[in-house]
Amino acid sequence: MPRFSNNIIFDLDHLHSVVGHFADRDAFAFDVETFGPNRGVAHLAPVSWLSMATEGAAIVIPMGHPNGDRLISRATRKKNKDTNKFDQIPAVWAAPPPQLRPSQVWPVLEPLFFSDRLKIAHNATFDLVTVAKYFNDTPPCAPYADTIVQSWLLDENRKSQGLKEITKDYWGHDYDDEHVGRQVEIHPFSKVARYAYLDAKYTWLHWRRFDALLQAEGLDQIMGLEMDVLKVLTKMRLRGAKVDADTLEGLYSQFTEELVEVEGKVYGAAGARFNINSVPQKQKLLYGPKADGGQGLRPLKKTDSGNPSTDAESLEAHPENALASALLEYADVDKMLNTYVLGYMGEEGNPKKPCRIYDGRIHADFVQYGTVTGRFSCREPNLQNIPRPDTDKGKQLRGLFMADRGEKLIVADYGQIELVVLAHYSQAAALVDGFNNGIDAHTMTAAKVFGVDFDEVTKAMRSAAKGINFAVVYGAGPEKVAAMASTSVKEAKGFLKVHQQEFPEIYRFKDAVLRTARTRKPPHIRTLLGRKRRLPGLNYSQKDARGYAERQAVNSLIQGSAADLIKLAMVRLDKALPEGMDLLLTVHDELVTSAPADRADEAEAIVRDAMLGEGISKLLSVPMTIDLKVVDKWAEAK
DNA sequence: CGCGATCGCGCC
DNA sequence: AAAGGGCGCGATCGCG
């Protein structure tokens with residue numbers, strides 16, 4: 001095989017011989033180029049290029065690229081007389097060279113992609129799910145390595161973990177100034193060939209480099225967990241979560257109607273029509289002098305740029321004002337309709353708002369490298385911020401996510417996972433005792449802070465204690481605690497002082513975390529399973545900047561350890577689930593699994609063991625708990 | 001017209 | 001710069 005020369009495969013004999021060479025190696029990197037309107041939707045995107053690389057060699061396989069290299073007419077913009085907008089006229093290229101067809105290529109690759117060789121990709125879930133459609137919706141099998149996850153474990157604070165960015169940073173090579181990968185089908189053949197080849201080549205080079213760095217930093221264990229997680233995420237993405245499309249249509253009508261009605265209320269109260277979503281206009285109308293048509297209200301707080309805030313908290317401070325109340329109503333309906341209902345349905349003819357439901361299911365992208373703490377993020381759409389079923393609309397929206405016919409959802413979430421982790425690390429006696437005796441953590445905190453028995457804790461006391469516990473985990477000050485407990489700042493200071501007396505171990509723990517973290521180079525914490533969060537700010541000389549880093553450090557240890565635990569639970573669950581049962585969603589401390597209705601009991605036991613069994617519980621000195629419900633709709637849990 | 005910043009808000 | 005940690009997304013607005 002040639003050394004990293006641009007080796008393009010045009011015929012089956014060549015393909016066979018190349019695949020044979022790759023099969024002789026333990027590991028290879030691969031990358032797909034997709035095209036067409038669904039090029040970014042992994043489970044739909046058709047592949048026009050596959051590139052592969054291993055030690056000293058890389059190849060590209062074109063299979064349907066539409067362009068040759070000779071330019072016939074360049075891209076232009078033309079004014080459309082009807083729409084009065086510019087139409088993009090793409091460049092026209094000479095005919096492409098004859099290429100292998102996908103139906104010829106993939107069967108030859110099958111033995112390699114389903115072998116025990118290590119398959120390496122950058123953002124591997126995308127490539128694996130993309131390739132799956134050529135193999136009966138089955139993704140290539142493990143073992144996997146993902147250079148985007150490696151890059152993230154090595155530097156979680158990096159702005160972008162994209163292949164182009166890290167290649168520039170680590171190798172000093174900027175090879176995609178023309179953004180060829182964004183839309184390969186508008187570029188000439190040779191340019192795309194070179195691009196695809198470099199993607200695979202650098203994926204390989206990054207893997208080698210990162211693998212050594214991860215070992216050197218003691219991050220190989222957590223990388224192992226993440227690669228097990230990757231397999232689970234690939235299955236989740238392929239499966240998707242079923243949504244009730246008919247009910248969704250109904251919600252569209254209902255919310256649209258309601259929005260029009262509330263809009264009328266807003267304009268009535270304002271005395272005129274205006275751009276109802278414009279923050280500057282709302283500021284004028286709410287806080288401007290009455291002489292100018294404003295309401296003359298007193299602002300509660302300011303935005304970052306110094307203007308009076310129009311957020312819900314500010315509007316709620318004026319319950320007697322009709323405009324403020326109407327705007328609150330409007331914002332709620334607007335959010336539900338535009339972010340959720342239309343976010344899933346999409347808008348006809350709006351490429352920025354595509355329909356997210358494909359086969360009756362939403363195939364969200366749980367982003368493994370999406371946070372600095374180790375949690376997942378989720379996008380297109382985000383299924384981790386669906387309204388809770390506490391309100392009518394929340395119930396309706398969460399109720400869209402339902403079990404398939406003849407199936408049930410098993411919804412399980414960890415109880416107070418962050419406080420359990422805090423108890424484990426701090427060994428705060430009161431907290432540990434509370435968890436050992438199955439007492440609600442906020443009630444326990446309230447009893448200690450207010451000096452009463454557990455059964456004497458009132459709602460208000462528990463609510464204040466909840467605020468205090470949040471303050472501990474997030475590092476909030478007395479002002480925030482006061483706001484949460486709706487008391488004075490002075491009283492909140494008192495609460496925090498008593499808390500410190502009753503839970504001294506927590507404060508000693510925090511100090512110890514920071515002391516240790518500061519001595520490391522660079523300053524960082526390590527979570528329960530060894531994940532790093534680097535916090536250079538811990539050594540800043542400026543007090544408030546350092547304080548911010550200190551809050552992040554403590555929170556990252558707790559939040560990141562909780563993330564480690566649920567990731568481990570996901571891997572255990574996926575391994576234990578038999579055919580026909582699937583993990584669908586993961587929401588920080590919650591897992592949603594589907595199973596045949598007549599096997600719900602079996603599924604429940606599997607979920608319980610995955611989340612609480614020996615392999616998990618041994619990691620903490622405090623007992624974990626879960627709240628588990630078997631339901632038809634997600635909204636019915638809780 | 002595309003892009004980033006800002007504001008605001010849904011979740012854990 | 002930041003005294004509540006972590007996200008993604010929609011609408012607006014100003015910039016190039």
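Residue numbers begin at 1 in each chain, while the letters A, B, ... track the order of the sequences.
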In residues 551-561 of chain A, which ones come under 4.0 Å of DNA chain C, going by heavy atoms? A:R551, A:Q552, A:N555, A:Q559

Starting at CD of A:E590, measure out to CG of A:L585 and round the result to the nearest 0.5 Å. 8.0 Å

Taking the same atom, P, in C:dG4 and in B:dA5, what whole-Å distance lies between them? 24 Å

In this structure, how many angstroms lie between the P atom of B:dG2 and the CG atom of A:N350, rounded? 11 Å

Whole-Å distance between C:dG5 P and A:D544 CG? 12 Å

What contact category does A:R398 fall into here, base, sugar-phosphate, or nothing, at under 4.0 angstrom with non-hydrogen atoms? sugar-phosphate

If stacking means aromatic ring centre less than 5.5 angstrom from the base's six-membered ring centre, planes under 30°, is A:Y474 stacked on C:dG5? yes

Measure from CG on A:D589 to C1' on C:dG5 and round the result to the nearest Å. 15 Å

Identify the residue among A:D146, A:L153, A:L233 that makes a side chain to side chain contact (heavy atoms under 4.5 Å, CB included) with A:E226. A:L153

Got a sec? Which of residues 363-375 of chain A come in under 4.0 Å of DNA chain B, heavy atoms? A:R375

Here the distance between atom P of B:dC12 and atom CG of A:L565, to the nearest Å, is 19 Å

Walking DNA chain C from its 5' end, the first of A:E347 and A:G477 to be reached, judged by nearest nucleotide, is A:G477

So what does A:N275 hit on the nucleic acid, given a heavy-atom distance under 4.0 Å: a base, only sugar-phosphate, or nothing? sugar-phosphate

Check every strand shown and say whether A:E418 touches a base, only sugar-phosphate, or nothing at a heavy-atom separation below 4.0 Å. nothing

Pairwise side-chain contact, A:K493 with A:P478, heavy-atom cut-off 4.5 Å (strictly under): yes

With the side chain counted from C-beta on, respond yes when A:P389 and A:R398 share a heavy-atom pair under 4.5 Å apart, and no when they do not. yes

Look at the rings of A:F366 and A:F376 and say which category their plane angle falls in: under 30° parallel, 30 to 60° tilted, over 60° perpendicular. perpendicular

Between CD of A:E380 and P of C:dC7 the distance, given in whole Å, is 18 Å

Whole-Å distance between C:dC9 P and A:L383 CG? 10 Å

Specify the separation, in whole Å, of atom CD of A:Q542 and atom C1' of C:dA2. 9 Å

Rounded to whole Å, CD1 of A:I566 lies from P of B:dC12 at a distance of 12 Å

Can you tell if the side chain of A:M345 reaches within under 4.5 Å of the side chain of A:L248, non-hydrogen atoms only? yes

Taking side chain as C-beta onward, heavy atoms only, is A:L251 less than 4.5 Å from A:Y340? no

Can the ring centres of A:Y507 and A:H499 be said to be less than 6.0 Å apart? yes

Please tell me if the side chains of A:I410 and A:V592 come closer than 4.5 Å, counting only heavy atoms from C-beta onward. no

Got a sec, which residues hit ring pair (Phe, Tyr, Trp, His ring centres under 6.0 Å) with A:Y474, two or more places apart in sequence or on another chain? A:F470

Nearest-Å distance once atom C1' is located in both C:dA1 and B:dC9: 23 Å

C1' atoms of C:dG6 and C:dA2, separation to the nearest Å: 16 Å

Can you check whether A:L400 reaches A:W634 side chain to side chain, under 4.5 Å on heavy atoms? no

A:Y287: partners by ring pair (Phe, Tyr, Trp, His ring centres under 6.0 Å), with sequence neighbours left out: none

Is there a side-chain contact between A:T391 and A:K395 in this structure, where contact means two heavy atoms from C-beta onward sitting under 4.5 Å apart? no

Compute whether any side-chain donor of one residue and acceptor of the other, for A:D244 and A:T247, lie under 3.5 angstrom apart. yes

Contact state string [nucleotides 4-10 of chain B, B base, S sugar-phosphate only, - no protein heavy atom under 4.0 Å]: --SSBBB

Please tabulate the protein-to-nucleotide N/O contacts below 3.5 Å involving nucleotides 14-16 of chain C, giving atom names and distances.
none

Please confirm whether the ring centroid of A:Y267 lies under 6.0 Å from the ring centroid of A:F274. yes

